[in-house]
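Everything below concerns the one structure shown next.
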Number of protein chains: 2
Amino acid sequence: MRADARKNYDRLLAVGREVVTEHGAEASLRDVARKADVGLGTLYRHFPTREALLEALLRTNVDELTTQAADRETSSTPEDALTSWLRDSVALTHEYRGVAALLTAAMDDPESALNASCVALHDAGTRALERAHTAGIARTDIDGTDLFALIAALAWLYDQPSLAPRADHLVGVISGAVLTGQAGSGVSQGRPRARR
Amino acid sequence: MRADARKNYDRLLAVGREVVTEHGAEASLRDVARKADVGLGTLYRHFPTREALLEALLRTNVDELTTQAADRETSSTPEDALTSWLRDSVALTHEYRGVAALLTAAMDDPESALNASCVALHDAGTRALERAHTAGIARTDIDGTDLFALIAALAWLYDQPSLAPRADHLVGVISGAVLTGQAGSGVSQGRPRARR
DNA sequence: ACCTGAACACCGTTCAAGT
DNA sequence: ACCTGAACACCGTTCAAGT
């Protein structure tokens, strides 16, 4: 990549992060180009789609999460591995407003720049869930896609100002619904375990 | 209301229903006016905000639901009343794509034309939940707003093409998480009760 | 190779001018 | 009273012209 191109790319990424943090995943791309002092065509050259830009902004987060999940496959109990994955995924997904819908849409679409991130997330969750299944601590009528749907739904709740205050609590409620067995009514009835 | 105004109002409502059904709550209002053969200003005169139009489209549904919920306060068991409210609310909220976000936003905003519908929904749910609480069949760390958040999140799932296939199942999972006590692991572990 | 910005086809919202 | 559509300020996306 040529030096001037590199500079533009980096600036677009930095400005993109600011703008998306402030206005969410649906932020104006024109605004990004403007604030980066770059022609609109230059933005489209580096990031042909909105997904491409958001993928670049999320990649490090997704990578961190998947390596952490891999570590926990050996270092944590099945229960901790699963609940950690759940909480980390929710945290990642509400990094920017609107990410939940974006990732969810990218799941179906192999052409989307975000598809790989989706699959990585989905698969890490599936592995944590299956480990929990064989340990007998998670309900067996839930699969990896259900789990993905639940974290997406929770992430969406964080984006809604009127509901966000209850979102932390509901993460606990839903964790409890996924876990089962010895956890029993302790998990489903008591206060949500204050982890984090 | 003058006869010509009435005609325009009715046409806008009918066309609005079609367009919103097809394109969701974020549908182009310009498109509605165009297809209704009405000036853009006429649309804004009858429906000063997007919420006003959607409120008109949803009012009958909300009214039906709240009267049904009131009926069930005496005619149904606390459990049936609660699960029925939950399923009916989800059904209503995914009447059109994007309604969940709209209702959720209107919750906070007393100025929104949808605020009354929100409150009606919220309150009907709260009553069903409190009845379940006194009957000892619902977890007590969940309040009416939590319940509202859960149905909004589920409604949102129905709007996501990649997750919609699992949404029915997850309604069952979450119903089970809200209910507690004698239902115990039967609800939380078994297949979701195939109601509907 | 890479950058630029005008051009095109859309929005939502307002409001002067008409009947 | 009510209706109309031009006007304004925004979008996303493409692409001919420049360096």
Side-chain angles (χ1 to χ4, degrees), chain A residues 1-57 96-99 101-102 105-106 109 111-114, chain B residues 1-57 96-99 101-102 105-106 109 111-114:
Chain A
M1 180 143 51
R2 231 166 59 178
D4 56 341
R6 165 103 262 156
K7 215 180 74 180
N8 282 334
Y9 180 91
D10 291 342
R11 189 145 60 197
L12 282 167
L13 216 53
V15 172
R17 177 155 272 129
E18 279 174 38
V19 173
V20 168
T21 298
E22 187 172 353
H23 295 105
E26 304 299 324
S28 160
L29 296 182
R30 255 189 154 87
D31 201 27
V32 173
R34 214 155 28 211
K35 286 184 176 150
D37 266 317
V38 146
L40 202 38
T42 304
L43 186 150
Y44 275 92
R45 158 170 277 265
H46 287 295
F47 305 104
T49 64
R50 166 174 244 110
E51 285 77 29
L53 175 58
L54 283 141
E55 194 275 338
L57 292 176
Y96 313 117
R97 264 175 301 147
V99 168
L102 217 59
D109 177 12
E111 303 303 305
S112 168
L114 279 164
Chain B
M1 182 141 54
R2 232 165 59 180
D4 55 343
R6 164 103 262 157
K7 215 181 76 183
N8 282 335
Y9 180 89
D10 291 343
R11 189 146 60 195
L12 281 167
L13 216 53
V15 172
R17 177 155 272 129
E18 279 174 37
V19 172
V20 169
T21 299
E22 187 172 354
H23 296 104
E26 304 299 322
S28 161
L29 297 181
R30 255 191 154 84
D31 201 28
V32 173
R34 216 156 26 214
K35 286 183 176 150
D37 267 317
V38 146
L40 204 36
T42 304
L43 186 151
Y44 276 91
R45 157 170 277 266
H46 287 295
F47 305 104
T49 64
R50 167 174 244 109
E51 286 78 27
L53 175 58
L54 283 140
E55 194 275 339
L57 293 176
Y96 314 117
R97 264 174 300 147
V99 168
L102 217 60
D109 177 12
E111 302 305 304
S112 167
L114 280 163

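Below, chain A is the first sequence line, B the second, and so on; all start at residue 1.
For the segment residues 38-49 of chain A, residues with any heavy atom less than 4.0 angstrom from an atom of DNA chain D are, sorted by number, A/Leu40, A/Gly41, A/Tyr44. Within residues 17-33 of chain A, the residues that place at least one heavy atom under 4.0 Å from DNA chain D are, in residue-number order, A/Ala27, A/Ser28, A/Leu29, A/Arg30.
Within the model, atoms CZ of B/Arg6 and NE2 of B/His46 stand 9.0 Å from one another, a figure rounded to the nearest 0.5 Å. Rounded to the nearest 0.5 Å, atoms OG1 (B/Thr42) and OH (B/Tyr9) are 14.0 Å apart. Between atom CE of residue A/Met1 and atom CG of residue A/Asp10 there is a gap of 7.0 Å, rounded to the nearest 0.5 Å. Annotation: the span from A/Arg97 atom CZ to A/Glu26 atom CD amounts to 10.5 Å, rounded to 0.5 Å. From B/Glu18, atom CD reaches atom CG of B/Asp31 across 10.5 Å, with rounding to the nearest 0.5 Å.
Within 4.0 Å of B/Arg6, counting heavy atoms only, lies no atom of the nucleic acid at all.
Look at B/Asp4 and B/Lys7 and you find no salt bridge, because none of the NZ, NE, NH1 or NH2 atoms lies under 4.0 Å from a carboxylate O.
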Please walk me through it: do B/Leu13 and B/Phe47 pass side chain to side chain contact (heavy atoms under 4.5 Å, CB included)?
-> CA-CA 10 Å; B/Leu13 216 53; B/Phe47 305 104; 3.7 Å; yes
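Two residues are said to be in side-chain contact when any heavy atoms from C-beta on lie closer than 4.5 Å; B/Leu53 and B/Arg50 fail this criterion. The side-chain heavy atoms of B/Arg17 and B/Tyr96, taken from C-beta on, include a pair separated by under 4.5 Å.
Taking every nucleotide of DNA chain C with any atom under 4.0 Å from a non-hydrogen atom of chain B, the first and last of them, 5' to 3', are C/dC11 to C/dC15.
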Base-pair map of DNA chain C as dot-bracket, where | denotes pairing with a different strand and pairs are Watson-Crick or G-U under 3.5 Å = ||.|||||...|||||.||
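Judged as a side-chain hydrogen bond (donor to acceptor under 3.5 Å, both in side chains), and not counting sequence neighbours, A/Asp109 has no contacts. In this structure A/Arg45 satisfies the side-chain contact (heavy atoms from CB on, under 4.5 Å) test with no other residue, sequence neighbours excluded.
Across all non-hydrogen atoms, the minimal contact from A/Leu29 to A/Leu40 is O-CD1, 4.4 Å.
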